[in-house]
Every structure is written in structure tokens, then in C-alpha cells.
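Residues: numbered from 1 along the sequence shown.
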Amino acid sequence: MKEKIRAQRGTKDILPNEEYKWNFLKKVFESTAKSYNFKIIKTPVFEATELFNRSVGETTDIVQKEMYTFKDKGGRSLTLRPEGTAGVVRAILEHGLCNFMLPLKVYYLDTFYRYEKPQSGRYREFFQFGCELFGSNLSEADAEVMHFAFKILDELSLANYIELKVNSVGCSRCKKKYFHALHEYFELKKSALCQMCLERLQKNPARILDCKSQQCENISLNAPITLDYLCNECYQHFESVKDKLKNLKLKYTVDPKIVRGLDYYTRTVFELVDNSLGAQKTVCGGGRYDNLVKEMGGRDLPALGFGLGVNRLLLALENHNIKIKKDDNLDLYIINVQEDLRSCAVVFCRVLRENFISCECDLLGRSLKAQLKYADRICARFVLVLGSEELEKKEADLKNLKTREIKKISLKKYEFATQIIKILK
Ligand code: HAM
């Protein structure tokens, strides 16, 4: 026997029996996005590597260690998107979207790729629901975006388990001062830093704060915090953001340790955390990136957004025993009592499908008993039993498998579908 090829480490198949969960989440994402007037944007799975180097940052873990980068047959360096913001910024610039109506509000539900060490809640292919808002530097926009993320969790009954943590990393001037302070701090602890962090110290000391080595983590505990380096404007902006969160009755804590693992952030950064998830407890991360559009060749355009990890969301639902209702029951299974009636059942199915009724009939040549068992196993709501007597009389029994109630249905051309729709709806 030939060896079976398995799914790659850190990737997961989504199987048909999980469809109802994904359908439900998609509905929650879409309806919540609609209520905040965000519109969908779809960008390609791969982009020029340069896009991520320039936006996410050359010294970040994502760019240095985690990107799936390859050369295509034309010799171009391409990368599977590790995150969504860069591609969205590229697309809005390419299509001049920010030259029209502002604010521009977009969302996406896509897969992303990072070569990370897989563990619970951390995969190499994962799903994110994300949103980006362009054109506003007002603190109301920060509060609205955080409220949007929180509302999704609320819709999923997760709000009570989630903590909103906020911080401000300041503008580029504040960041410069802060990085200088960090550099000075870590320079003194240099001898205890790991090899990787010694390089980070030279290129971007803030990235030492992301280091997972226990020793570097311990050193980082007493490192300077961004809030002590905010200029007056950034300080006022952060105060105002907190006020707006209070207005919206959104509970938060200020966590000066949040700096986020991507370089483009300015001012507000935030995370939604579920402590039940252990090491990978951040369900959602986001913030402002007021300089990115300009740095990517556009005009000065403030922006902000978030990415919500859908795989982690599913884990959180499981941890808190929040059940998603199955909605994928088949409306109707048509049972053909005799084998020669199979083609008849197929025609009845066609008529019903034209009326958007989900239905099936036997495709495996099963016995009557086996067909009944199958209908039960797939949780069909109704079964219709078709025999030659029924065809002759032009009337058949429609049975509700839950209540066991039976109703007579006309098999006449113009009555059949109408009568079934009436009962099923
Ligand atoms: P991020 O913090 O890198 O931000 O990712 C956002 C969320 O995606 C995380 O909080 C987590 O739930 C999920 N996530 C990240 N990596 C993995 C992984 N390997 N496996 C499973 N889930 C993961 C961004 O990606 C930014 N683009 C968010 C953003 C949008 N900021 C502004 N706009």
C-alpha cells in the first residue's frame, strides 16, 4: 500500500460536520459588519514579499522567521500573506479608494500563513476576521473599532470571558524617544540577552519585548513603558480614547505592556484576551497605524483596525461550553419504496430544489429500511415516502421525523411544491 499523504503541520481540514459552526460565525461577522457599515474586501493570498517587509517591519518575528516566501517561475519573490492590513493598504492605494469617500471601512474573512511552532491556538494556516478603517484620527473611531470587535464576541456570548486591554505606543516621535530609552535599558542587560535579542538591540529594541525566551522575558518585565514617552498630543488622544470607551460602556484595562508584534502601529493598540486559552490567549489584536498609508506611497491618511483569530474564537466557545445550534438539517429526504421509482424521486427532488428546498433521495440503491435509517442519521426534518400506489393516487405521506406527524401531500405538478413549502417553512 502506498503511504498516505497527510495535512501539513499546523494546518487543519475543516470537515463537513463543522460546517454549521462556520456558517454561524460567518453570519455573525457579516451582520455585525453591516451594522457598523463595513464592506467586504478580498485581496490575494500571495503578495510581493517587499509589501510585508516594508509594512510589518524588517525586524519583526513575522518577517524574520515566519513568512512563507518563495520564488515563482518568473523569479519574483512572493509571500503567502501573514496578516491582512498590508494587502488591504496596497489594494486601496492601487484602486485609489481613499481618494473618494471617507471614512473607508472594510472587512475581510480570510486565511493567513505564518511559519510558527504549532500548538493549541497557534497554527501555520489560520483564519482571521479583520477590519480596517481609513481616514479618521478621532478617538471616536478608535472606540468604534474596539466596540465592533467586542460586539462580535458579545454576539457569540463570549463577552463575559473577555478582557479588553488598551495602550498607546505614541506617534513616530514618541516611538523614537521610547526606543532610545529601551535601547539604553537593554544595553545595560546585554550580557543576559539571547543571541537573537542582541541583534534586535541594534536594529529594533522594541522587538526584544516579543522574545519568548524566559531569560529575556524576565529582563523585559522592568523595561520602560510607552506611556511614559507620549508627547502631549498622543497623551491627550489616549485620554480621549479612554473617555469614548467609557461613553460606550466598554470595560477596559490599560496594559502598558502591549506593544504588538508588528511595526506599523502608532498611538492606540489593543487586545481582547480570554485567559482560558492559555499561552495563545489573545483572541483579537489591533490598533492605529497612522503612518502606514503614507509609508506605502499614499497620502497622509490615519487608519486603524483589528484582526480576530477565528480558530481561537472556536476554541474559546468550546472552553466555555457555548454551543452553536446546528442549522444544517436537510429539509426533506424522499424515500423510494421500489428501485424503479428512483428516477421519479430524482425528478421530485429537482422540482423542490428549484424552490430552494434542500432535499435528497437515494443514490446508492439502498433498501427501504436503509433509506429510512440514513434519513434519520442525517437528521432530515421530513421524509416523503414514494411508492407506485402513491404515484397512482397522486398523493403521498410527508412525515415529520421529530413530531412523527404525517400529512398527505398532493403529487400533482402544480400542487406538490406549494404544499411542501407551506409545511416546511
Ligand atoms: P496579529 O496580532 O498578528 O495582528 O493577529 C491578530 C489575531 O490573529 C491574533 O490575536 C490571533 O487571535 C490570530 N492569530 C495570529 N497568529 C495566529 C496563528 N499562528 N494561529 C492562530 N491564530 C493566530 C494582525 O494580524 C494585524 N493585521 C491586525 C490588525 C488589523 N491591526 C490593524 N488592523
Side-chain angles (χ1 to χ4, degrees), residues 52-67 82-83 85-86 116 137 139 142 165-242 252-271 273 279 281-282 285-292 294-296 300 302 304:
F52 303 111
N53 293 350
R54 274 174 54 190
S55 55
V56 174
E58 300 268 6
T59 53
T60 58
D61 274 1
I62 295 182
V63 168
Q64 293 231 316
K65 300 194 283 188
E66 297 169 3
M67 294 207 304
E83 63 95 54
T85 311
E116 289 191 89
N137 55 19
S139 53
D142 303 58
K165 296 179 170 191
V166 294
N167 189 24
S168 174
V169 294
C171 61
S172 46
R173 273 170 300 143
C174 312
K175 280 171 86 172
K176 202 170 167 190
K177 275 200 249 160
Y178 174 61
F179 286 1
H180 183 70
L182 274 183
H183 191 278
E184 280 191 341
Y185 173 81
F186 285 119
E187 184 70 38
L188 294 174
K189 321 265 173 191
K190 218 162 126 177
S191 55
L193 291 176
C194 72
Q195 189 56 38
M196 189 82 182
C197 283
L198 285 177
E199 278 171 41
R200 289 172 171 141
L201 182 60
Q202 297 317 317
K203 292 180 185 157
N204 185 348
R207 296 282 69 99
I208 299 175
L209 303 170
D210 305 330
C211 185
K212 310 283 183 307
S213 105
Q214 194 56 56
Q215 182 126 339
C216 297
E217 258 184 32
N218 290 344
I219 297 173
S220 291
L221 283 177
N222 296 319
I225 56 169
T226 55
L227 292 178
D228 290 337
Y229 296 86
L230 296 187
C231 64
N232 192 37
E233 276 174 35
C234 289
Y235 174 80
Q236 293 304 339
H237 188 269
F238 191 46
E239 289 302 301
S240 179
V241 168
K242 290 187 282 179
Y252 65 86
T253 49
V254 174
D255 182 347
K257 294 279 174 204
I258 298 179
V259 286
R260 317 268 306 122
L262 302 100
D263 276 353
Y264 50 61
Y265 289 111
T266 51
R267 292 194 165 173
T268 315
V269 285
F270 66 94
E271 289 183 351
V273 170
K281 58 187 179 183
T282 309
R288 278 199 166 271
Y289 48 94
D290 289 343
N291 301 330
L292 185 62
K294 197 169 180 196
E295 279 163 14
M296 298 309 286
D300 221 344
L304 68 162

Checklist entry - In a check of salt bridge (charged side-chain N to carboxylate O under 4.0 Å, His left out) between E271 and each of K257, K281, R260, K165, which one passes? => result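 The passing option is R260.
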Heavy atoms only: give me the nearest [X]-[Y] pair and the separation to one decimal.
X: V169; Y: L230; answer: C-CD2, 4.1 Å
X: P82; Y: I62; answer: CB-CG2, 3.6 Å
X: A206; Y: L182; answer: CA-CD1, 3.6 Å
X: K203; Y: T59; answer: CB-CG2, 3.4 Å

Nearest-0.5 Å distance, [atom1] of residue [X] to [atom2] of residue [Y]:
X: R288; Y: S139; atom1: CZ; atom2: OG; answer: 8.5 Å
X: I219; Y: L193; atom1: CD1; atom2: CG; answer: 4.5 Å
X: I258; Y: L209; atom1: CD1; atom2: CG; answer: 12.5 Å
X: S172; Y: R267; atom1: OG; atom2: CZ; answer: 10.0 Å
X: D61; Y: E116; atom1: CG; atom2: CD; answer: 8.5 Å
X: L188; Y: H183; atom1: CG; atom2: NE2; answer: 10.5 Å

Checklist entry - Given C171 and T266, is the side-chain contact (heavy atoms from CB on, under 4.5 Å) satisfied, shown in steps? => result CA-CA 5 Å; C171 61; T266 51; 5.6 Å; no
Checklist entry - Are F238 and L227 close enough, and set up right, to give a side-chain contact (heavy atoms from CB on, under 4.5 Å), and what steps lead you there? => result CA-CA 9 Å; F238 191 46; L227 292 178; 3.7 Å; yes
Would you confirm whether [X], through its side chain, and [Y], through its main-chain N or O, come within 3.5 Å as a donor-acceptor pair?
X: Y185; Y: S220; result: no
X: K175; Y: Y265; result: yes
X: Y229; Y: K176; result: no
X: N167; Y: P256; result: yes
X: T226; Y: S168; result: yes
X: K65; Y: V63; result: no

Checklist entry - Pick from K190, K189, E184: which one makes a side-chain contact (heavy atoms from CB on, under 4.5 Å) with E187? => result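 That would be K190; it is the only one of K190, K189, E184 passing the side-chain contact (heavy atoms from CB on, under 4.5 Å) with E187.
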Item to check | Check against side-chain contact (heavy atoms from CB on, under 4.5 Å), N232 and Q236 | outcome: CA-CA 6 Å; N232 192 37; Q236 293 304 339; 3.6 Å; yes
Checklist entry - Side chains of T85 and Y264: donor-acceptor distance under 3.5 Å anywhere? => result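 Result is yes, a qualifying pair exists.
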